[in-house]
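By convention here, the first residue in the shown sequence is residue 1. In what follows, every heavy atom counts, from backbone to side chain, and hydrogens, waters and symmetry copies are set aside.
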Amino acid sequence: MSLSNDDDMDLADRMLLAKPKFLKSIHGGGDNASVASMPLTTANGGKCNETPIFSKREMTLRIPKEYNGNLTHLVVCKNWMVCLLAAPPPSSQVTLFRFFLPRVMPPGEISLEKYLAGYKIGKLFLDYTGHHILVSLIPKSPGLSADFLYIHGNGRKVRRIEKFKDHEITSVAFNYDLGNESTTGPILLGTSKGLIFETELTLEADKPLYRKQVYDVGLGRPKYDVTGLEFRHVPNAPNQYIVVATATDCILTFQGNLRTEERTLQPIFNGYINGTQSHGYEVAKTDMKYSVLQLNGEPNEKYPKQWGWLCGSGLRHGEVAQSSIKDEKFLLEDHLIPLDKDLEQRKHLSYEEKRLNVPKAFVLTAYHVLLMYHDHVTGICLLDQSIVYEEYFTEKSGKLLNIHKDPFTGVIYLCAEKKVFNFKVDEERRNIWCIYLNMGIYDMAEIHAANDEENLDTVLKSKAQALFDDKKYEEAAKIYAETQMPFEEVCLKFIDLREKRPIITYVQKRLETLSPEADEQLFVLVAWLIDLYLTEINYPGRSKEEKHKWQVEYDEFMLNFSVIKCYRANRTAIQDLITQHADDHNLAQFAIANEDYDEVLQQHIEAEKYLQALHILQQQKNIELYYKYCPTLIEYLPKETIELMMSQGRKLNVQKLIPTITTIDSPVHIAEITKYLEYCIYNLGETYQAIHNFLLRLYAEHQPGKVMEYLKNEGQDITLVHYDVNYALLMCMDFGIQKACVFLYSLQKLWPAAVDLALTFDIKLAKETASKPRDEKVKTKLWLKIAYHEIKDTNDVKKALDLLKECDLHIEDLLPFFSDFEKIDDFKEPICQALKDYNHKLQELQHDMEDVSKQAERVQSDLQNLRENCIRIEVHEQCNCCDTYLLVKPFFIFACGHKFHADCLEKLVVPHLSSEQARKLTMLKQQLENMLAQSAAMADKSNESQYKREKVKQEIEEILAADCVYCGLMIETIDQPFVEDWDQVNVDWE
């Protein structure tokens, strides 16, 4: 901003864009060159954005017109700008102006004339809040001591800080954590004697001021300026703080911890004073009498990211540690930009002449530094030290005083004697990728070129070529796949290499970038990769481990979604390709991937790889293949095949399998087939008759002992067994299983045949069989068969008598089996016992007949009494249901005393009737109504029609008056719920 006396001029209207004049090379030592006018070029020859990175704007300060003079100092922080304006000689008037840049309003002004008698202004300081202003005073004559002034931005009062009367303040480190608008908090002051003091300045003038020396940089030297001082709190480290101090020839660093309750900075320096800590102390040779320290960070961030120190050797810069600092060094890196290469040639120059060739001040940006000389500003890239901007200023602007950056807004201000400028920074990182690329730092170049596809492609090509030149072929292949370089050109680079890993990697990466619609390109790449993989897998001399490694990688490749889609669409071509490599394993795997398990199984069986075929059969889900291949597999792997069949459970239809496995008759196969049939019957509950017949046949032929176990398990109800009884009987007869034959005869109720057969080999079984029939006549005949078998030709009386104890036969039933000449004495006792039994039974029958006669007489007497019984009805009697007089309508009266009208009784009884009774009652009532209507129409009064009506009425009364409602029906239904259909109740309530 130029100095103006126009009070009405708006700040925005005064902003003018200043064009760069001419440029000068900082390294050449004097030759002029229009650097800004030369467009930068990228590594591939393309031009970058030609808009200058830095461009200045002239600012207009709204200074009242009565003030006229030159600027001497300017500082800016948080949009607060403070400047000193000195009136031209012989006047000694110096005025301080304070602007708030976002608002167009008159500045605050304070005259400092009365405080400057015998003094001149050394430096001007402004804290980060923009409210605390410090002015360093330097005596003009030997009789005075240095001093400094404190001014608060919200007041017009100037305070002279007496405690520092004898110290020239050359640097200030403000407190970014404890400082606010009313107090600076503990701050550090550097002096011209190399001393560092701690103090705190507040708005309250009456508050006691303290001064504490915390460190001596100058070590007692009378003149040793502390040219820079910075104090910061380390982020993510609650109690850790750092301090950076510079002199003309050295830079020192301090770091320490402060407790939260401490309001002093002394503990940071204690370890360095007593020698327990050693700070970073670096010396720079120089013949300059000043140096400049700058810390740079993101706008509005309190902690810096970069550091820069302008000293005699040049500009030294680097990064600041961003986390907890464990080592003593927190100023990381140390890059040097030399600013005076021809120092030896200019030794004869005076100090003032030398100063014209070195910068006086600078500011840092993320990637550049702006250096201010006495008459121009130069912008240099921090990475490659190239000049990106250079601007010379004419006499209209006056001598350049200082360049300053607002740490909170990031705006750069340049102060000249007659004008003030600010700088616009336009995409300063635009060419950083190119610089990193030229430096060979490809990762950083890639990061900075990420937003521009063309630039990024250039970086990736260069990076890939560098890796290729270093023979890092696989890494180069990965990078080449990300570039837009022609596919054929890259392939030619790798195709002649013996190692095929790079070309495989490249083709795979390119495959991943193809769109799903590019079917032809996809097929070509997939086919080529399959060929490359199979070549590596089957390469002669390949070790087992290497072959396995390639196989695993190939298997993973074949599981890729796009690859699966491709080879399923081109199955025949891919299959032919694999066949050409004579790789049976991968050919089978390919068939599996295409779910062509029939082909795979056929290949394995033809190659007699039955176990592999069994595993494939187990993996697939087509049940039909079990029916096709299990008969073949069971011939060679009976146990494994049966176990596989059993694992499928109900998925297999046993009826389809049985016809194919019945032809195998070796002992091992029969045992396994029997096991499978048992599993189907006992575990799966198979009921198919042929299955049961087959198992029964296998039992009868090979395991006779299990036949009876099976038959008993099926039960003795012929309608529930699952085998064919006649077939089972035939099998048992063929294989001589007599006990099973007896069981089957009994199952068919062929009791005589069962007993006859049992008598041939087991009398006990015959007796058990004879006891089973329920028909006593049949049972008697069967026991007679047994008796005849036991007694015939033996006349064994004892055996006959023992037999009588086991059955219901009598002695008279057995006598015909004995000879006519048998002695009666042997039968005397059983005959007598039989006669006694008959006599006892006759007595019991006679007693029963007498009881029945007496009971009949009692029933006849009760019936006669009922005919004579009557119930007396009074006139005032009421119905127990409707409480009206009983005699007004037809009614019923019960023996219990309850009385109901006929219609009332019907209403009470009908809800308790069953559905069948309710239908019958409705039908009878309808029938009675029809009879009455028919009789009335035909005037039919015959006895026959009257009899029919009476009969229907009687049936209706038998339903309604079968029992008293209160004493019978309701008591019987007491356990029934009141509501049966709750769903309907809920619907009704809704």
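Taking 4.5 Å as the limit, some side-chain heavy atom of Asp225 sits within range of a side-chain heavy atom of Thr170. Side-chain atoms of Val369 and Leu382, non-hydrogen and from C-beta on, do get closer than 4.5 Å to each other. You'll find the side chain of Ile268 reaches within 4.5 Å of the side chain of Phe231, heavy atoms only.
A salt bridge links Lys56 with Glu391: the distance from a Lys NZ or Arg NE/NH1/NH2 to an Asp or Glu carboxylate oxygen falls below 4.0 Å. By the 4.0 Å N-to-carboxylate-O rule, Asp147 lies close enough to Arg160 to be salt-bridged with it.
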_Full working for side-chain hydrogen bond (donor to acceptor under 3.5 Å, both in side chains) between Thr95 and Ser111_ = CA-CA 4 Å; Thr95 306; Ser111 176; 4.9 Å; no
*Passes side-chain hydrogen bond (donor to acceptor under 3.5 Å, both in side chains), Tyr210 versus Glu198? Steps please.*
CA-CA 8 Å; Tyr210 72 93; Glu198 177 189 343; 3.0 Å; yes
_Asp443 vs Lys463, salt bridge (charged side-chain N to carboxylate O under 4.0 Å, His left out): CA-CA, chis, key distance, verdict_ = CA-CA 9 Å; Asp443 292 339; Lys463 182 179 181 180; 2.9 Å; yes
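For the atom pair Leu315 CG and Ile380 CD1, the distance stands at 7.5 Å (nearest 0.5 Å).
Residue Tyr367 comes nearest to Glu428 through the heavy atom pair N-OE1, 3.3 Å, listed as atom of the first residue, atom of the second, then distance. Considering all non-hydrogen atoms of both residues, His73 and Leu401 come closest at N-CD1, 4.5 Å. Nearest heavy-atom pair across Trp309 and Thr248 is CZ2-O, 4.4 Å.
A tilted orientation is assigned to the rings of Tyr436 and His448, their planes being inclined by 30° to 60°. Using a 30° and 60° split on the angle between ring planes, Phe164 and His167 fall in the perpendicular class, above 60°. Taking the six-membered ring for Trp and thresholds of 30 and 60 degrees, His132 and Tyr150 have nearly parallel ring planes, at less than 30 degrees apart.
Heavy atoms of other residues, nucleotides or ligands lying less than 6.0 angstrom from NZ of Lys302 number more than 12. By the 6.0 Å contact criterion, CD on Glu204 is open, its count of non-hydrogen atoms from other residues, nucleotides or ligands being 12 or less. Atom NZ of Lys223 has more than 12 heavy atoms from other residues, nucleotides or ligands within 6.0 Å.
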Using distance only, find each side-chain donor-acceptor pair of residues 173-185 under 3.5 Å and give its atom names and separation, not counting sequence neighbours.
unit_1, atom_1, unit_2, atom_2, d
Asn175, OD1, Asp177, N, 3.0
Asn175, OD1, Leu178, N, 3.0
Asn175, ND2, Pro186, O, 3.0
Tyr176, OH, Arg232, NH2, 3.4
Asn180, OD1, Ser182, N, 2.9
Asn180, OD1, Ser182, OG, 2.8
Asn180, OD1, Thr183, N, 2.9
Thr183, OG1, Gly185, N, 3.2
Thr183, OG1, Glu200, OE2, 2.8
Thr183, OG1, Leu201, O, 3.4
Thr184, OG1, Leu201, N, 3.0
Thr184, OG1, Leu201, O, 3.2

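Between Leu364 and the choices Gln306, Lys405, Lys305, the side-chain contact (heavy atoms from CB on, under 4.5 Å) rule is met once, by Gln306.
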